[in-house]
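Beneath this line is the structure, given in C-alpha cells, with notes to follow.
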Amino acid sequence: MLPHQGNRARRRGHLKRTLLAGVNVGGTSTSVVLGAPDGSILERRAWPTQANDGEALYAASVGAVRDIRGDARGIGVAIGGPMNARTGTIVSPPHLPGMHGFPLRERLRADIARPVSVHHDAAACALAEVRWGADRNVAGLAYLTCGTGFGAGIVIDGRARYGSRGFSPEIGHVRYRDDGPDVFGKKGSFESYGAASALPKIARRYDPAYDAESGAEVARRAAAGDRIAQAAIDDNADAVGAACALLADLLVLDVIVLGSLATYLGEPWIARVRATFAREALPDHAASCTLRAPSLPDVQDLSGLAAALTIADA
C-alpha cells in the first residue's frame, strides 16, 4: 500500500466512527443536518433560501452548522451548478444569483475549521441513492433534479463524475428544441422544458396571458382539468424522457432517478417520461435502465451527508 493510500484508508475508518454535517442549498429551501455515515439524521434546520443574497445565505448556513455541529468531523455541501467541485467554487447557477463566483469551500474551511467537500446537488443526491437507496451500489446511476433547475448528477462505480476542471455534467444547458423558454441565455434548452420551474413558461407558449406563477400552480390546475396546464406537463415529461434517453445511450446506465417532479406529479407523469424514454433510447439501453422516483424520502437532506462522506476520497 502506498503512503497516501494508507492515509486515505485511515481517514475512511475515522469518518465511519464520527458524525457529519450536511448542507443542502436548493433554489427554494436550504437545510442543514447532523447525521451519521449510515444515513441516520439526528438534527435538522431549514429555512427559505436567500437566493439573491449570497452573504446572507452563507451566514445562515454557517450559523446553522455551528448550531448543530456537535463533534461533526466533516461538512458536506450539495448546491446547484454550474459549479467547480474540485475547488468548491460556485460558478453561475441560474437559480442562485447571489452565489455566483462564491468560494464556498474556502470560506467554510476558514470559518468552521473542519474538512469540507462541496458537490453539485444532483451528484450529491446520486451519491445518496447509491449509498442508501433502493439500488445501492449499482454500477451506473444518474439523478435528474427536475426541480427549480434541471441538473444531472452521475455516479459511476461509486464515484461522482466530474470533468477535468471539476465541473459537473450540465445536461440542462444542452439544446432540446430550436425554440422555447430562455434559460442560460439559450432558448429551448433541456432546463427550459424539464425543470419544474419551467411549467408556467411552457404554459404561456400556449397562451401568453396564462397567469400561473409556479410549477405547483400549474400542477393544481392540471389536476382540476385545465387543458393548457396538462399540455405543459406533457411537454415537460417528454423533455425529461428525451434527456433520460440521451444519458442512457451515452453512458449505458442502470438507473435514472427522477427528482422533485416525480414526487409531486406521481405515476402519470413518470409513465409519460418512461414512454418517451422507450421511444427515444436504443432498445437494449432502454430495457436495461430503470427510471424511478427517489427511493429516499429525505434525499435532499441526505445529499449533504453523502457529500461529507467523500471527504475520505479527496
Side-chain angles (χ1 to χ4, degrees), residues 25-28 49 51-52 54 78-85 89-102 119-123 125-126 142-154 160-208 210 212-215 218 228 231-251 256 258-261 269 272-273 276-277 279-281:
V25 181
T28 303
T49 298
N52 294 306
I79 188 168
M83 53 84 67
N84 185 329
T89 301
I90 314 309
V91 179
S92 56
H95 60 299
L96 295 172
M99 296 297 287
H100 288 193
F102 202 96
H119 278 271
H120 188 283
D121 55 356
C125 286
Y143 187 101
L144 293 176
T145 56
C146 303
T148 308
F150 191 69
I154 297 167
R161 168 60 188 164
Y162 291 104
S164 58
R165 295 193 299 127
F167 285 89
S168 183
E170 289 291 347
I171 196 170
H173 188 263
V174 174
R175 194 180 300 282
Y176 167 57
R177 293 183 178 173
D178 290 336
D179 197 14
D182 191 330
V183 180
F184 302 103
K186 188 173 186 176
K187 290 184 177 180
S189 69
F190 271 117
E191 183 152 320
S192 71
Y193 279 94
S197 60
L199 288 171
K201 298 177 183 179
I202 301 171
R204 282 191 279 275
R205 291 177 58 77
Y206 289 95
D207 178 1
Y210 201 79
E213 294 297 328
S214 68
V218 173
I228 290 178
I233 288 173
D234 289 346
D235 284 351
N236 166 275
D238 288 341
V240 175
C244 290
L246 176 60
L247 288 171
D249 282 345
L250 284 173
L251 301 172
I256 299 176
L258 307 169
S260 298
L261 279 171
W269 179 84
R272 181 150 184 143
V273 172
T276 302
F277 171 70
R279 289 196 308 270
E280 295 289 332

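None of these values were measured; they are calculated from a predicted model.
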Would you compute the distance between atom [atom1] of [X] and atom [atom2] of [Y] and round it to the nearest 0.5 angstrom?
X    : Y    : atom1 : atom2 : answer
H95  : T148 : NE2   : OG1   : 6.0 Å
L199 : E213 : CG    : CD    : 13.0 Å
I154 : H120 : CD1   : NE2   : 10.0 Å
I228 : R204 : CD1   : CZ    : 11.5 Å
F150 : L144 : CZ    : CG    : 4.5 Å
N52  : L96  : CG    : CG    : 9.0 Å

Compare every heavy atom of [Y] with every heavy atom of [X], then report the nearest pair and how far apart it is.
X    : Y    : value
G259 : Y143 : CA-OH, 3.6 Å
F190 : A239 : CE2-O, 3.4 Å
G81  : P94  : O-CD, 3.8 Å
I256 : C244 : CD1-O, 3.5 Å
I202 : S192 : CG1-O, 4.1 Å
Y162 : A123 : OH-CB, 3.3 Å

Would you tabulate the side-chain donor-acceptor contacts of residues 170-186 under 3.5 Å, counting partners in other chains and residues two or more places apart, or write 'none'?
from, atom 1, to, atom 2, distance (Å)
R175, NH1, K187, O, 2.6
D182, OD1, G185, N, 3.1
D182, OD1, K186, N, 3.0
K186, NZ, H173, O, 2.9

Problem set entry | Sidechain-backbone polar pair: T49 side chain, G26 backbone, donor-acceptor under 3.5 Å |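 Side chain of T49 to backbone of G26, a donor-acceptor pair under 3.5 Å: yes, one is there.
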Exercise. Side chain of N236, backbone of A196: donor and acceptor closer than 3.5 Å?
Worked result: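 Not a single qualifying donor-acceptor pair exists.
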For this session: Apply side chain to side chain contact (heavy atoms under 4.5 Å, CB included) to V240 and C146, showing your working.
Result: CA-CA 8 Å; V240 175; C146 303; 4.3 Å; yes
Exercise. Under 4.5 Å between any side-chain heavy atoms of F102 and T89, yes or no?
Worked result: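 No, their side chains stay 4.5 Å or more apart.
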Exercise. Is the shortest heavy-atom distance from the side chain of V25 to the side chain of D121 under 4.5 Å?
Worked result: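 No, their side chains stay 4.5 Å or more apart.
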For this session: Assess the side chains of T276 and D238: does a donor N or O sit below 3.5 Å from an acceptor N or O?
Result: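 Yes - a donor-acceptor pair under 3.5 Å links their side chains.
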For this session: Please check if any side-chain donor atom of D234 sits under 3.5 Å from a side-chain acceptor atom of W269, or the reverse.
Result: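 Their side chains do not contain a donor-acceptor pair, so the 3.5 Å distance test is not met.
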For this session: Determine, step by step, whether I79 and M99 satisfy the side chain to side chain contact (heavy atoms under 4.5 Å, CB included) criterion, reporting the C-alpha distance in whole Å, the side-chain angles of both residues, the deciding distance to 0.1 Å, and the verdict.
Result: CA-CA 10 Å; I79 188 168; M99 296 297 287; 4.2 Å; yes
For this session: Can you sort out the partners of A245 under side-chain contact (heavy atoms from CB on, under 4.5 Å), two or more places apart, ordered by chain and number?
Result: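 side-chain contact (heavy atoms from CB on, under 4.5 Å) check on A245 returns F277, E280, A281.
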